[in-house]
Structures are given as structure tokens and as C-alpha cells.
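What follows is a short report on a single structure.
By convention in this document, chain letters (A, B, ...) are assigned in the order of the sequence lines, proteins followed by strands, and residues within each chain are numbered from 1.
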2 protein chains.
Amino acid sequence: MPVTIYDVARESGVSMATVSRVVNGNPNVKPSTRKKVLETIERLGYRPNAVARGLASKKTTTVGIVIPDISNAFFAEVVRGIEDIASMYHYNIILSSSDKKVEKELSLINTLLEKQVDGLLFMGAEVTNDHLEIFKTSTVPIVLAATKDPSKMFPSVDIDHFQAAKDAVNAFIQGGHRKIAIITGPLTDPLTGLDRFNGYKAALEEANIPFDEQYVRVGDYHYESGLEAMNDFLSLAEKPTALFAASDEMAVAAIHAIQDNGLQVPQDIEVRGFDNIPISSMVRPLLSTVAQPQYDIGAVAMRFLTKHMNEEPITDQFVILQHQLINRQSTK
Amino acid sequence: MPVTIYDVARESGVSMATVSRVVNGNPNVKPSTRKKVLETIERLGYRPNAVARGLASKKTTTVGIVIPDISNAFFAEVVRGIEDIASMYHYNIILSSSDKKVEKELSLINTLLEKQVDGLLFMGAEVTNDHLEIFKTSTVPIVLAATKDPSKMFPSVDIDHFQAAKDAVNAFIQGGHRKIAIITGPLTDPLTGLDRFNGYKAALEEANIPFDEQYVRVGDYHYESGLEAMNDFLSLAEKPTALFAASDEMAVAAIHAIQDNGLQVPQDIEVRGFDNIPISSMVRPLLSTVAQPQYDIGAVAMRFLTKHMNEEPITDQFVILQHQLINRQSTK
DNA sequence: CTGTTAGCGCATTCAC
DNA sequence: GTGAATGCGCTAACAG
């Protein structure tokens, strides 16, 4: 039913090859015939079939994205970065959310590969051997974003979570704090959970502040878990004087818990979050945090992927973007 | 290089057709040969080429999504709804952000159609004649989500923005307010801008409250614009006693502006937002708002689209989901 | 500068 | 229950 390249060829009195050339901007076409073809394309309303093109050329100009959850503000911003660069290089993206379920991640990767994406951007909590196995079956490049492959087999772009957390805690230590609490992410998350927690411990250790388990609570990055964790801290005989939360949502929740207990931020307890998502500058007091360049993580990862897809020379397979301590009103 | 259906056929001593049958779960295959084929698929690591399948079957099991901005919390949640249902029906989604630029919207729709999506979900501020023109060239179903086609040519799922705004303002009127301010969206947005504004005016009119232009400011749904607008209201001789904002972000900003001026919410000024995005329950005071079922808008639209794609019977082409007044702490 | 010819990898008749 | 043949719409040599 729809008009094909063959119809255009017949109607313009040229061959398919010529039509293909004008459609693809090949310069080897006489201006007059180009014009003629363009006119009948317009007249017939011809729309090239990208699927057929993909089969013939073995390129789909589509990349696959696996992400934990698009409704999470952090990842939404990363995806925005990905999209902008993808669009710039004329790629479309197939987006899929995994909820960090390994089974689903593997299945999504497989589906994306079946769809013949030209490249894959993977975001997840962890890169396991199962991931590696399936990555290896791919004939197209794979780049990890906001995560890392411990085996160093696949390129990645991320920040240094350990150092970022350490910097955050050090800032508290410099400020004279010794009772510093932390709300971590799940310790099963190697980077956003464990690495940040280790950064916390390392900072304490270097300052000769004994590690105290009562100042540690595990959250899930979301608001509710921050509320609960902070209330636990608040019921301690020796309340912490500073709190580092592994996510902004948990930090904001902690501030509310503190305020609800009649204490003040930052006067009584200083609070610092992690990520610098939009909400951190939409609350009072404005949230101090450790900023991750979310948009850039996405943008750089996508640009990185295009380099791999085009087989451009690549200097470093593991790019670490800079984090930044942002001091607003929840710290002194 | 990669293994094809032909390789599997040869290795298992059957024809391509048979392999195709087992891959597609066609029951007309003897169990023993099915087993044999499955084994060589496993052994060879065969991965069906969805592009080839798409060309042959004229179905890609992917749908196109055009959205203003994925980093916007409202749309991120809508997309999450879309994705969950898409995934349930084994569709993938190609996501693209338009920033509400009509030119880009049209171009994206065209690209998506070229990619042979089986259906299209469109979200945008407005459906113009240009949109209609290109929609009509589509051979696959198109569903509008969180927007509406005034010409009623294309199915949609949305809420009743006019009524929702009217309800919100009526609640203030019931509460005894007469100086009710509004921060609208751009009036060039027919639904989220104009309709909500008209709902505001209608409520006033029915209550015989004269419309007063000084109580109207136009924002862009984002925090900063809410701050500015509210500061304007606060400098009025007759300050408003209630504020209705066309987005939660602007409402939260307004609360901060009010607080920064030494007034209290809701004691001095009541505030209600619109959308019920996550931030509304992550601020103090908790934000009262008009809830839109974001997730459901996405989910219902996607389900709706599957019905169109499968040519299932459809009773109503224009589904209106219910909004809801949520009263938290920013209203009395 | 242009046309001819082969596939790309698969689903889908239609026979058997 | 299975195989052979055809074509989906296009790109990519290769000729000329």
C-alpha cells in the first residue's frame, strides 16, 4: 500500500539506485535528475522504510538504553543528556527500564541486541558475570554509564563515588564534627552503596575518628527510608551533629525529620545529600549536596558510544567525571 | 558473521521454515524436531534478527513516543506508565523529546514513522493543523496522551483541565476566599495553560467574584517563574489570600516566596498546586494539589494504543481520566 | 552520472 | 508436520 522506492523510480523515470542516491544525499546525481526525483518524492509522499534500509545496510541508527527507572529524577536527567547527543548524531534511542532486576536487565539487553541496535548504553547497580557473558555476545559496542565494570572489559563513564563521599565527610570533619552519621544506599550496590560507604569510613579513619555503627543506617535512596533512618539517629543518646545521606531525597527527608523533632538545620545538625537533583534547590533550607554531573554522564556516555560505533580512536576507556561539593543552606 | 536462521536450519537438518516456526512458537512442529532445533539454537547462540523479521512481517513490535521533555517529573512518570504496559504487551519504545518545538515534533513523528513503529503516542502542548497533516499520513494508529485534538480526529487520553482548575478554585471559594490569585502556564498551551485559566475564571464568575487581572501571572511551570510571580503578588496593596498555581513546582516556589516575606502558609495565604509530582510530598508544608494520574495517563494511553494496533473494538475514542483534589498542609 | 543485479534475514504462502 | 519458493524495501557493489 505505501509508496516504495520502486514507485518513485518508476514515476520519475530513473532507477531505484538513483532514488536511493538522492534520498541518501549522495552527490553523484545530476542536479536536474535530483530535482525531478525530489519532486516525485514530494508528490507521492514517499517515506523511506528504515527497516528495509537497516536490513540492507546493517545499520539502524538506533541505540539501546537500559536504565533502572526512568521516573527517577537522577536517571531522567542522564537520559536527557543521552538523548540530546543521540539526536545530534541522528540516532534514536530505545529506552527500557529494568528496576535493577538482573533477570530483566539481561532480557532487555537481549531484546535490544535482537533489534539490531548500533550500540548499547547500560546503566545498572552492578555489572555481574552474567552481564559480562551477554555483553560478550554483542557485535556492537557497549558503554556503561553511571556504573562500572570491575573486570575492566567494557568502557564506562562515571564519577568516583568513593572519593566523592570521602570529600563530603571530610568537609564535616574540617568543620569540627566528630559525630557524623550516614544514611547509605543498599550495600549490595557496589558503587552508589558500598563505595560511598567506604569513602565515609576512610574519611573517619584518616581523621582518627572511631567508626561507630550506631551512626550508620541503610536506606534505599528514597524519601521514606531517609525519614526512618533519621528518626533512628534522633533517638540516640548521643545524636549526630552532621549527616551525610547517599541521596538527596533521603537528605531532604532527614531535614524534615530533624525539624519535626524541634531541631534546626544546619544549626543543630548539618546535612549533606548526594546527586544534586532538582529538588535540592527547591526546598528550604536549600540542600547542600555532592553534585554528580548527571546530564554530562549521559551526554559523555553517548558521545563515547558514537566514537566506538564509528571506530574513532579512543584514548581512555574509563572516564571519570568530576563531582563537586555544593554548599547551600543545610551546611554551615 | 552472526549466525542466521539459515545456519540453524542447516545444522539441525531442517528447513528455515521449521526453524522459523519453533522460534515463533508455532505449534505445528513435532516435539522431537522442536527439541532438536532448540538445541542447535542454544549451541550456535542464534539470536533472531528483529529487523529482518520486521521487514518480512511488517511488524516491529516497537512504538514511538514523542514527549516534551523526559527530565520533567510529570512526563517521566507518564513514560513510566507507558513503558510498563508496553513491556507487558512485548513492545519496545523509541523515546524522543521535542521540547515542545513544533518543528521538532513534526520531524520526530516523521522519523518514527520511517522506522516503521507499530503505533505512536504523542504528547505535546498543542495539536495543530500541521500535526494533523502528518498524523494523517500515518498508516499506524496514533494516540494522544496528556493532550487533545480539537478536531476530534485522533483518540486521546487526558484529564479535564478546565474542570480540575475550577474545582481547585471552588475549594478556595468555599473556604471563604475572594482574593484568589493564579499563576498560569503559558496561555499558548490550550489545555494546561488556557483551559486551567478558564476554569479559574469560570469559578470566580459563578461565585460572582469580579475577575481581577492583578491576581493573574503567567509562568512556565518551573520553580523560578513561580518565585517571580508570587513576589509580584506579595507587593500588591491587596495581597491575595489564596493562590492556585498551574504546576507543583510553581506552587512550591510560591510557598517559599511567601515564607521569605515573613508570612505563613496556609495561615496567611493558602496554596494549591497542580499535578501531584513527587516533590509535592517532599516539602514542608506538604503541598496541597490537584492530582493528575500521571502513571495512569501513560498506562491507559499505551493500553489504548495496543487496542488500536490489534484492531480491538473501542467504545470511546476520548478517554478522560479523573483528577483529584488532594488536601495536605498548604491549604486549611 | 546512472542502471543492473544481488542479497540483507526472515515470514509466509503453497505444496507435499 | 515439513520444505521450497518468493518477496518485504532497500543498499551496495559493479558496470557502463
Side-chain angles (χ1 to χ4, degrees), chain A residues 1-38 40-41 44-62 90 110-111 113-118 139-140, chain B residues 1-38 40-41 44-62 90 110-111 113-118 139-140:
Chain A
M1 198 83 282
V3 10
T4 73
I5 199 173
Y6 182 75
D7 300 321
V8 175
R10 184 173 26 76
E11 288 286 318
S12 347
V14 300
S15 70
M16 293 167 46
T18 297
V19 178
S20 175
R21 286 188 187 100
V22 344
V23 168
N24 293 297
N26 184 318
N28 293 337
V29 180
K30 201 194 327 182
S32 66
T33 90
R34 175 187 304 281
K35 184 159 174 290
K36 186 172 55 180
V37 171
L38 251 17
T40 91
I41 284 180
L44 269 42
Y46 168 65
R47 181 144 48 201
N49 181 326
V51 171
R53 175 183 295 174
L55 185 58
S57 69
K58 300 187 167 304
K59 299 224 167 306
T60 55
T61 61
T62 302
H90 303 291
N110 207 45
T111 302
L113 260 15
E114 285 185 0
K115 297 237 170 174
Q116 311 301 119
V117 292
D118 293 339
T139 58
V140 298
Chain B
M1 198 83 281
V3 10
T4 73
I5 199 173
Y6 182 77
D7 300 321
V8 175
R10 185 172 26 74
E11 288 286 317
S12 353
V14 299
S15 72
M16 292 168 47
T18 298
V19 177
S20 176
R21 288 189 185 97
V22 345
V23 168
N24 293 297
N26 184 318
N28 292 337
V29 180
K30 198 188 338 178
S32 65
T33 88
R34 175 187 304 281
K35 184 159 175 290
K36 187 172 56 180
V37 171
L38 252 16
T40 92
I41 284 180
L44 266 42
Y46 169 65
R47 181 144 47 202
N49 180 325
V51 171
R53 175 182 297 175
L55 184 58
S57 69
K58 300 188 166 302
K59 298 223 166 306
T60 55
T61 62
T62 100
H90 303 290
N110 206 46
T111 302
L113 259 16
E114 285 186 359
K115 297 236 170 175
Q116 309 301 118
V117 293
D118 293 338
T139 58
V140 298

Q) Base, backbone or nothing for each nucleotide of nucleotides 3-12 of chain D, written B, S, -, heavy atoms under 4.0 angstrom, 5' to 3'? A) BB--BBBBBB
**Q.** Separation of B/Ile41 CD1 from B/Glu11 CD (nearest 0.5 Å)
**A.** 12.5 Å
Q | Heavy-atom pair with the smallest gap, counting every atom of B/Ser12 and B/Thr40 | A | OG-OG1, 3.1 Å
Q: Check every nucleotide of DNA chain C for an atom under 4.0 Å from a heavy-atom of chain B, then give the first and the last such nucleotide from 5' to 3'.
A: C/dG9 to C/dT12
Q. For B/Ala52, which residues count as a side-chain contact (heavy atoms from CB on, under 4.5 Å) partner, sequence neighbours excluded?
A. A/Leu55, B/Asn49
Q.
Could you work out, with side-chain contact (heavy atoms from CB on, under 4.5 Å) as the rule, every residue matching B/Thr62, not counting sequence neighbours?
A. A/Lys115, B/Thr60, B/Asn92, B/Ile94, B/Val117
Q.
Using side-chain heavy atoms (C-beta onward) and a distance below 4.5 Å, is A/Arg53 in contact with A/Val23?
A. yes
(Q) Restricting to non-hydrogen atoms, name the atom on B/Ala9 and the atom on B/Ser15 that form the minimum distance, rounded to 0.1 Å. (A) CB-C, 3.6 Å
Q: Describe, as an angle rounded to 10 degrees, how the axis at the first end of the helix from C/dC1-D/dG16 to C/dC16-D/dG1 is tilted relative to the axis at the last end, five pairs per end.
A: 30°
Q: Kindly determine whether B/Arg21 and B/Thr18 satisfy side-chain contact (heavy atoms from CB on, under 4.5 Å), including the steps that lead there.
A: CA-CA 5 Å; B/Arg21 288 189 185 97; B/Thr18 298; 3.8 Å; yes
N/O donor-acceptor pairs under 3.5 Å from side chains in residues 27-36 of chain A, not counting sequence neighbours:
| from | atom 1 | to | atom 2 | distance (Å) |
| --- | --- | --- | --- | --- |
| A/Thr33 | OG1 | A/Lys30 | O | 3.3 |
| A/Arg34 | NH2 | A/Asn26 | O | 3.0 |
| A/Lys35 | NZ | A/Glu39 | OE2 | 3.2 |

Q: Could you check A/Val14 against A/Val22 for side-chain contact (heavy atoms from CB on, under 4.5 Å), going step by step and ending with a plain yes or no?
A: CA-CA 11 Å; A/Val14 300; A/Val22 344; over 6 Å; no
Q: Would you mind reporting whether B/Val19 and B/Met16 have side-chain heavy atoms less than 4.5 Å apart?
A: no
